[in-house]
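Numbers here simply count residues along the sequence, with the first being 1. Start at 1 and go down the list; that is how both ligands and their atoms are numbered.
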Amino acid sequence: LSFIQPPQVAWASGALADGPLLRKSTRIQDLTDVFADENARQQLAGEQVVYDVEMLDTSPAEGELYTGVTHLYPGRVGCEYFMTRGHFHARREQGEVYFGLRGTGLLLLQTEQGNARLEKVFAGSVHIIPGFTAHRLINTGEEVLSALAVWPGIAGHDYAALARGFRIRVFEENNRVQAKEVQNG
Ligand code: PAN
Ligand code: ZN
């Protein structure tokens, strides 16, 4: 019998290899109305990549799990740190687990009732995202923030439910990370 070579994640960089991969880049031009300062976003180069997602091309069938790595680059739109769009799962009851691999940042979690909280993300951090909870990564550091995620193939993404934004935004002010509660969301 031969031994199957599995896909690999390089823990230090988050790079996935040796499996069938799907890749998606999200750029400044894709993130209309995501950041508080829409004018500042329009001043930036639209092609600049804010985050890349690499995932294993596995089955989306019920009971199967997806595995992916998000690489969120350092940067800001105005004073607001680069972040992912963020979403609820279309199947609201479906949870997810994130593992911090490199860099430093925050995971913003928000319930359907609008209660929001922030967890620190760093190499080795483990984040249990329960069902019915929207999630967004925020890079508050100066290096790439990479996080591994595992989620149900049937979960799906609902971006529209949070089109008006989350209840918390995170800014750099006076060289410090400042989280602010906002009215929308
Ligand atoms: C992640 C996210 C990834 C990109 O794989 O999809 O970090 O964020 P957005 O999907 O919000 O643009 C995940 O949470 N999957 O369910
Ligand atoms: Zn998710």
pair T84-T26: side-chain heavy atoms closer than 4.5 Å: no
Those residues at least two apart in sequence (or on a different chain) that pass ring-ring contact (aromatic ring centres under 6.0 Å, His included) with Y73 are none
Quick one: name the residues clustered hydrophobically with V9, using the 4.5 Å side-chain heavy-atom rule over I, L, V, M, F, W, Y, and just say none if it's on its own. W11, L16, L21, L56, L65, V69, V97, F99, L101, V126, I128, L148, V150
Any donor-acceptor N or O pair under 3.5 Å, side chains H89, H157: no
Expected contact list for ligand 1 at under 4.0 angstrom, heavy-atom basis, is Y51, V53, T70, T84, R85, G86, H87, H89, E96, Y98, H135, W151, H157, Y159
CD of Q110 to CG of L162: how many Å apart, nearest 0.5 Å? 5.5 Å
E93, CD atom: more than 12 neighbouring heavy atoms under 6.0 Å: yes
For E142, is the CD atom crowded, meaning more than 12 foreign heavy atoms sit under 6.0 Å from it? no
If you apply the rule side-chain contact (heavy atoms from CB on, under 4.5 Å), what do you find for R167 with E181, and how did you get there? CA-CA 6 Å; R167 291 255 173 109; E181 293 195 70; 5.6 Å; no
Under the 6.0 Å and 45° cation-pi test, does R169 pair with F166? no
What protein atoms of element N, O or S are positioned under 2.8 Å from the Zn ion (ligand 2)? H87 NE2, H89 NE2, E96 OE1, H135 NE2
